[in-house]
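Residue numbers start from 1 in every chain, and the chains themselves are labelled A, B, ... in the order their sequence lines are given, proteins ahead of strands. Because the structure is predicted, anything quoted here is derived from the model rather than measured.
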Amino acid sequence: MIRKEICKIISQKLIAENIYELTVKAEMVHDITEPGQFVHIRVGNGLDPLLRRPISISSYDVTEEQFTMIYRKDGKGTSQLASRVPGMELDILGPLGNGFPINEASIGETALLVGGGIGVPPLYELAKQLTAKGVKVINVLGFQAESAVFYEQEFSELGETYVATADGSYGVKGFVTDVIKDLQFDCVYSCGPTPMLRALEQQYSHKKMFLSLEERMGCGVGACFACVCKKVDDPSGASYKKVCSDGPVFRAGEVII
Amino acid sequence: MIRKEICKIISQKLIAENIYELTVKAEMVHDITEPGQFVHIRVGNGLDPLLRRPISISSYDVTEEQFTMIYRKDGKGTSQLASRVPGMELDILGPLGNGFPINEASIGETALLVGGGIGVPPLYELAKQLTAKGVKVINVLGFQAESAVFYEQEFSELGETYVATADGSYGVKGFVTDVIKDLQFDCVYSCGPTPMLRALEQQYSHKKMFLSLEERMGCGVGACFACVCKKVDDPSGASYKKVCSDGPVFRAGEVII
Amino acid sequence: MSRLHVELPGLSLKNPIIPASGCFGFGREYSQFYDLSILGAIMIKATTAEPRFGNPTPRVAETSAGMLNAIGLQNPGLEKVVSEELPWLSQYDVPIIANVAGSLEEDYVKVAREISKAPNVHALELNISCPNVKTGGIAFGTIPEVAMQLTRRVKEVSEVPVYVKLSPNVTNIVEMAKAVEDGGADGITMINTLVGMRLNLKTGKPILANRTGGLSGPAVKPVAIRMVYEVSQAVNIPIIGMGGIESAEDVIEFFYAGASAVAVGTANFVNPFVCPEIIEQLPELLNQLGFEHISECTGRSWK
Amino acid sequence: MSRLHVELPGLSLKNPIIPASGCFGFGREYSQFYDLSILGAIMIKATTAEPRFGNPTPRVAETSAGMLNAIGLQNPGLEKVVSEELPWLSQYDVPIIANVAGSLEEDYVKVAREISKAPNVHALELNISCPNVKTGGIAFGTIPEVAMQLTRRVKEVSEVPVYVKLSPNVTNIVEMAKAVEDGGADGITMINTLVGMRLNLKTGKPILANRTGGLSGPAVKPVAIRMVYEVSQAVNIPIIGMGGIESAEDVIEFFYAGASAVAVGTANFVNPFVCPEIIEQLPELLNQLGFEHISECTGRSWK
Ligand SMILES: Cc1cc2nc3c(=O)[nH]c(=O)nc-3n(C[C@H](O)[C@H](O)[C@H](O)COP(=O)(O)OP(=O)(O)OC[C@H]3O[C@@H](n4cnc5c(N)ncnc54)[C@H](O)[C@@H]3O)c2cc1C
Ligand SMILES: Cc1cc2nc3c(=O)[nH]c(=O)nc-3n(C[C@H](O)[C@H](O)[C@H](O)COP(=O)(O)OP(=O)(O)OC[C@H]3O[C@@H](n4cnc5c(N)ncnc54)[C@H](O)[C@@H]3O)c2cc1C
Ligand SMILES: Cc1cc2nc3c(=O)[nH]c(=O)nc-3n(C[C@H](O)[C@H](O)[C@H](O)COP(=O)(O)O)c2cc1C
Ligand SMILES: Cc1cc2nc3c(=O)[nH]c(=O)nc-3n(C[C@H](O)[C@H](O)[C@H](O)COP(=O)(O)O)c2cc1C
Ligand code: FES
Ligand code: FES
C-alpha cells in the first residue's frame with residue numbers, strides 16, 4: 001500500500017560534501033517490500049517548490065519504524081530539504097515502485113553491487129538483505145572525488161568493497177568498470193548515472209543484472225506518463241514501462257536505457 | 001533613510017482573536033520620524049507569497065532598537081507571519097511613508113484618536129508621543145466584537161479611552177462615531193476602515209484632522225503607482241498622491257477617500 | 001438534492017470535482033488512494049485511434065508554482081481503452097468524460113464515434129488544444145473555423161454530448177469559444193496548458209526533450225480565471241473550468257468566474273488526495289460564504 | 001572590455017541589467033537604495049502625450065508566484081517627463097530607454113518625436129502591448145499589420161533606435177515579431193504581461209477595479225523563455241528579454257533562450273536591491289559556467 005504520511009525527522013547529517021543522510025519516523029516502513037524502492041517527498045508546505053522529489057530508501061528499520069535516505073543537495077528542493085532539522089515534519093508519499101529482487105541471487109552465490117554517486121544509497125539496504133540471506137556481496141562504489149565518498153565503512157562491513165573516484169583522489173582512479181573487470185560474480189545489481197548503467201549492460205550482457213533507473217517525475221505513482229521508457233522488444237512501438245511504478249529497478253535488457 | 005534589514009523576532013504574542021503582537025530587533029528604528037509610518041515585510045524566503053505585506057509600526061523603542069507591530073492573521077501572508085517564532089528572522093523594508101504630524105496638536109489641546117479594528121495599532125505610538133509632549137488624548141477604539149478588542153488597557157494609561165463594538169458585546173454598542181458625538185476635542189487623528197474615515201471626514205469637516213489610508217501595494221516605496229489616490233482639488237485630473245510614499249497619513253480634505 | 005450536485009449536458013455529477021485529463025491516467029493509480037466513486041466524474045487520458053508512445057523523456061520540468069509537461073498524448077489507443085480501461089472503470093459509480101485527440105479530423109471522428117458508445121462514457125472532451133504534438137492539435141485549437149468544423153463533424157457521430165477543450169494560447173479566446181458553440185458543442189472545458197519552456201543552466205539546452213511543453217499548476221490560474229470570465233459571458237453553454245486548482249477556495253473562484261464544474265490536474269501530483277479533500281471541504285466553505293448550493297456561485301463575478 | 005558590457009542599437013550597456021518599465025517609476029525611488037549609474041540602462045514608466053491618472057484602485061493583486069497589475073499607464077505626461085524626469089535622471093551615467101504609449105497612432109508619433117530628442121534617451125521602447133488600457137494598446141499589439149505600420153511611423157520620427165515591446169497574449173508571437181522587424185524596429189523587448197484576473201472569495205467580484213490585469217513575476221517566466229526562444233530564431237534584431245527574472249541564473253536562462261539583455265520588473269518590489277545584486281553575481285556565475293563574456297550565452301539553446 002502507498003501511504004501519504006507526515007513523517008517526523010529523527011536525524012539529518014552531512015556525511016560528505018553536499019551529501020546528507022536523513023532519517024524519518026514512518027509507519028510506511030511496514031509496506032516496504034524490497035530494497036531499492038523510493039519515496040516522493042513534498043519539501044515545502046506551499047508552492048515553492050511545487051512538485052515532490054523522488055529519493056530512494058537507503059535503509060529501514062521495521063521495529064523502530066524508521067527509514068533513512070541519502071541525498072545530494074543540488075537544486076531548490078534538495079537545498080530546502082537540507083535545511084530541515086530533527087523534529088520537523090515532512091509529507092512523504094511511499095513506498096513507491098519495485099526494488100531489487102533479492103530472490104534472484106541464491107545462497108552461496110556472489111552478487112556484485114555497483115553504485116555510482118547518488119546511486120549508491122539504495123544498494124546499502126540491498127547489501128544488508130543479501131548478506132543476511134547468505135549471499136556474498138562485492139561492492140563497487142564510484143564517486144567524483146574523495147570529498148564525495150560516503151558509506152565506504154558501512155559497505156565494507158557487509159562485504160569486499162572497492163571505491164573508484166573519477167579524479168583518482170581516493171581509491172582506484174577511474175570508473176567502476178575499471179574495477180569490475182578483475183572481479184568474479186554471479187549477478188549484478190546497480191544504480192547510478194545512465195552512462196554507467198549502459199556500460200554495465202553492454203559489457204556484462206551475459207550476466208543476470210538488475211538496474212535502477214532515474215527519470216524526471218510528475219506523479220510518482222504511474223498516472224502521468226512522465227517517466228516512461230521504451231521496451232527493448234518493441235523499441236519503435238507504443239509499449240513502455242514506467243520508471244515510477246514498473247521500476248525504478250528493471251532487469252537488464254528489458255527497457256532501453 | 002529606508003533600510004532593507006534582516007530583523008530578528010524578539011517576541012510574538014496572540015493578544016486577541018487572530019490578532020498578533022510582533023516585536024523585532026531593528027536598526028531602522030533610528031530612522032523612524034513619526035508615529036503612523038509602516039514597514040513592508042517579506043514573509044517567506046521563496047515565492048510563496050511573492051509580495052511584501054505592509055504593516056504599521058505600533059510602537060518603537062530607540063534605546064532597545066526594537067519596534068512592535070500588531071496585525072490580524074487573515075490571508076496567506078499574515079497566516080505565515082503568525083507561525084514565526086522568536087529567534088527567526090524577517091526581511092523588513094522600512095520605515096516607509098509619512099505618519100501623523102504630532103506638531104499639529106499644541107500643548108494643552110485635546111487630540112481625539114479614533115481607531116477602527118486593525119487601524120488601532122499606529123495610534124498607540126501616537127498616543128504615547130502626544131501625551132509625552134503634553135497634549136491630552138481621548139482614544140476611541142472600535143472593534144467588531146469583544147473577542148477582537150486589544151490594547152484597551154494600554155490606551156487607558158495614556159488618556160480617556162472608549163471602546164465600541166459593532167455587536168455590542170463589549171463597551172458601547174455601535175460605531176466610533178456614536179461615541180464621539182458627545183466628546184470635546186481640538187483635532188482628530190484616525191486610522192481604520194475607509195467607511196469610518198469617510199464618516200469622520202464628513203461629520204467633523206470643521207476640525208483639523210489626519211487620516212491614515214490603506215491601499216493594496218506593489219513596491220511600497222512610490223515606484224509602481226499601485227496605491228494612488230486622487231487629490232480633492234483636482235478630482236478628474238491627473239494629479240494624485242501615493243499612499244505608500246506621500247501617505248499613508250493625509251490631512252483630511254487633501255485626497256479623495 | 002446535495003448541495004454539490006451539478007447537472008450538465010450528459011453529466012449528472014454528485015459534485016463538480018473532476019480529475020483533469022492526463023493527470024489521472026485511467027484512474028487505476030488513484031484508486032489505490034480512495035474510492036473513485038466519490039468523484040464527480042473522471043476525465044481520462046487523451047485517447048487516439050492508434051496507440052502512441054508520445055515524446056521522448058524528460059517530459060516534465062518544474063517551474064515557479066507550476067510545471068511543464070510534454071507527454072505527447074501517450075496512450076494505449078482506442079481499442080485498448082474501450083476493451084480494457086473503460087470496462088475496468090465501470091466498477092465505479094462515476095461518469096467518464098473521454099478526452100479525444102488526433103492528428104487529422106478523421107482520427108477525432110473515429111475515436112469519438114467508437115468511444116462514445118461505451119456505457120460509462122457520458123461525455124466527450126475534444127482535445128483541440130494539446131500543445132505537445134506536432135500536427136493537428138494546435139491548428140485545431142487556434143483557428144476558429146477549423147475548430148468549428150471539427151466540432152460539427154464530431155457532433156454528427158458522437159452518441160454523447162461533446163465538450164470542447166480550449167487552448168489558452170490564442171489572441172482571442174472568446175472567438176474560439178463562440179466558434180465551437182456554433183459548431184454545436186454542448187459545453188466547453190478550459191484551459192489546457194500554456195506553451196512554455198525551461199532551459200538547463202549547465203547545458204543551455206531545453207530541459208524537456210520536446211523543447212517546449214505545456215505549463216500548468218497555480219501559476220496559470222489567473223489566466224484561466226480571466227478566460228473563463230470572458231467566455232462564460234459570451235456563450236450559452238456550460239464551462240468546466242481548470243488551471244491551477246488546488247483548494248476548495250480555488251474551486252469557488254472558478255465558479256465565480258463562470259464555471260459550472262471544475263477539473264483538477266497538477267495538484268493530484270502534489271497531493272494524491274486533493275480531490276476527495278476538496279469535495280469534503282466544499283460544504284463548509286459554502287456555509288462560510290452563505291451559499292445553499294454551489295451552483296449559486298456560477299458567474300457571480302459578472303452577474 | 002567588461003565581461004558584462006553589451007552593445008545594442010543605440011545602447012552601450014555597462015551590463016545587460018535594466019529595470020523594466022513601470023516597475024521603477026522614473027528612478028527617483030530606487031535612487032534611495034543605490035547609485036543608478038551602476039545599471040545597464042533604465043526603462044522608464046510609459047509616457048503618453050497627456051498626463052494620465054490611469055485606472056481606479058485596487059490596482060494590484062497577488063497570485064501564485066506572480067502579481068496582477070492594472071495601473072493603466074499612469075504618468076505625468078510627455079511635457080513633464082521631458083522637462084523634469086529626464087533632466088533629473090541625467091545626473092546619472094545611465095542610458096534611458098523611454099517607454100512610449102498612446103491610444104492613437106498620432107499619440108505614439110508625437111511622444112516618440114519629442115522624447116527621442118532628450119539627450120539621455122538612447123532608445124525608445126514602443127509599448128504596443130499594455131493590456132490595461134481600453135483603446136489602442138491591445139490592438140496595436142495583436143494585429144501584425146497594425147504593429148508594423150505603427151513601428152514604421154515611429155521610426156520615421158524617432159531620433160534614436162526603436163525597440164518594440166511585444167505582448168504575449170497572441171496566438172503567434174513570431175508573426176508579431178517579424179511584422180515589427182519589417183516595420184523597421186531596431187530591437188524587440190518581450191514579454192509584457194499576460195492578461196489575468198483574480199476574484200475576491202468573499203464578494204465574488206474581481207480584486208482589481210479594472211477587473212483584469214497583467215500577470216508578471218516568476219509565474220510567467222516559462223512563457224517568456226519560450227517566446228524569446230521562438231522569436232530570436234526568426235528575427236535578425238536583438239531581443240531584450242523579461243518576465244519573471246529574479247536572479248543571475250534567470251538572466252542566463254534568458255540569454256540562452258536568445259536575449260542580448262534583460263529587464264527586471266516585479267522582482268524590484270520584492271527586493272529593491274535585486275538589480276545591483278544580480279549585476280554583482282553575474283561574473284561569478286559566468287566563471288562557474290565557463291563563459292568569458294555574457295554574450296556567449298545568447299541563443300545557446302538553439303545555436
Ligand atoms: C527513483 C529515483 C530515486 C532517486 N533517489 C535519489 C537518492 O536516493 N538520492 C539523491 O540524491 N537523489 C536521488 N534521485 C534524484 C533526485 O530525485 C534529484 O536529485 C532531485 O529530485 C533533485 O531535486 P532538486 O530540487 O535538488 O533539483 P531541481 O533542479 O530544483 O529539480 C527540479 C525538478 O527536476 C527534477 N529532477 C532534477 N534532477 C533530477 C534527477 N536526477 N532525477 C529525477 N528528477 C530530477 C526534480 O524532481 C524536480 O521535479 C532519485 C531519482 C529518482 C527518479
Ligand atoms: C499602510 C498600511 C498599513 C497597514 N497596517 C496594518 C497593521 O498594522 N495591521 C494589520 O493587521 N494590517 C495592516 N494593514 C493591512 C495589511 O497590509 C493586510 O491585512 C495584509 O497585507 C493582508 O495580507 P494577507 O497575506 O493576510 O492577505 P492576502 O489576501 O493573502 O493578501 C494578498 C495581497 O493583497 C494585499 N492586501 C490584502 N488585504 C489588504 C489590505 N487590507 N490593505 C492592503 N493590502 C492588502 C496583500 O498585501 C497582498 O499583496 C496595513 C495596510 C497598509 C496599506
Ligand atoms: C502531465 C499532464 C498531462 C496532460 N495530458 C492531457 C491530455 O492528455 N489531454 C488534455 O486535454 N489535457 C491534458 N493535460 C492538461 C490538463 O488536463 C489541464 O487542462 C491543465 O493541466 C491545467 O490544469 P491544472 O493546472 O490543474 O493541471 C495534461 C496536463 C498535465 C500536467
Ligand atoms: C506594476 C507594473 C507596471 C507596469 N507598467 C508598464 C508600463 O508602463 N509599460 C510597459 O511597457 N510595461 C509595463 N509593465 C510590464 C513590465 O515592464 C514587464 O514587461 C513585465 O512586468 C514582465 O516582467 P517581470 O515579470 O519581471 O515583472 C508593468 C509591470 C508591472 C508589474
Ligand atoms: S511519474 Fe507519473 S507516471 Fe511515473
Ligand atoms: S505601492 Fe508602489 S507606488 Fe505605492
As an exercise: rank D:T266, D:N75, D:N271 by heavy-atom pairs under 4.5 Å with chain B and give me the winner.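 Highest number of heavy-atom pairs under 4.5 Å: D:N271.
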
With heavy-atom distances below 4.5 Å as the criterion, would you say the side chains of B:R3 and B:E27 are in contact?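 SC-SC contact between B:R3 and B:E27 confirmed.
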
Just so I know, are the side chains of D:T48 and D:D107 near enough to count as touching, which here means a heavy-atom distance under 4.5 Å?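 D:T48 vs D:D107: side chains apart.
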
Does the side chain of B:S239 come under 3.5 Å of the side chain of B:D234 through a donor N or O and an acceptor N or O?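 Yes, B:D234 and B:S239 have a side-chain donor paired with an acceptor closer than 3.5 Å.
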
Where does B:R52 contact chain D at under 4.5 Å (heavy atoms): side chain, backbone, both or neither?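 The side chain, not the backbone.
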
Under 4.5 Å from a heavy atom of chain D, the part of B:M1 involved: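 No part of it gets close to chain D.
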
From D:L73 atom CG to D:K45 atom NZ, the distance as rounded to the nearest 0.5 Å: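 Output value for this atom pair is 6.0 Å.
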
With rounding to the nearest 0.5 angstrom, report the CD to OG distance, B:Q37 to B:S212.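 Those atoms lie 11.0 Å apart.
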
Part of [X] within contact of chain B (heavy atom distance under 4.5 Å):
{"X": "D:L201", "result": "neither"}
{"X": "D:E50", "result": "neither"}
{"X": "D:P218", "result": "side chain"}

Check ion pair D:E62-D:R198 (N to O, under 4.0 angstrom):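 Salt bridge: no.
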
Can the positive tip of B:K231 be found less than 6.0 Å from the middle of the six-membered ring of B:Y240, inside 45° of the ring normal?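 B:K231 over B:Y240 ring: no.
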
Checking D:R59 against D:F53: charged group under 6.0 Å from the ring centre and within 45 degrees of the axis?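 Verdict for D:F53: a cation-pi partner in D:R59.
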
Does the gap between the ring centers of B:Y170 and B:F143 come in under 6.0 Å?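 Centroid distance B:Y170-B:F143: not below 6.0 Å, so no.
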
Determine which residues belonging to residues 66-103 of chain B lie within contact range of chain D, meaning some heavy atom pair is under 4.5 Å apart, and list them by number or answer 'none'.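 Heavy-atom contacts from residues 66-103 of chain B to chain D are B:D74, B:L93.
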
Considering only heavy atoms and a distance below 4.5 Å, find which of B:P49, B:G220, B:G46 pairs most often with chain D.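 The option with the most such pairs is B:P49.
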
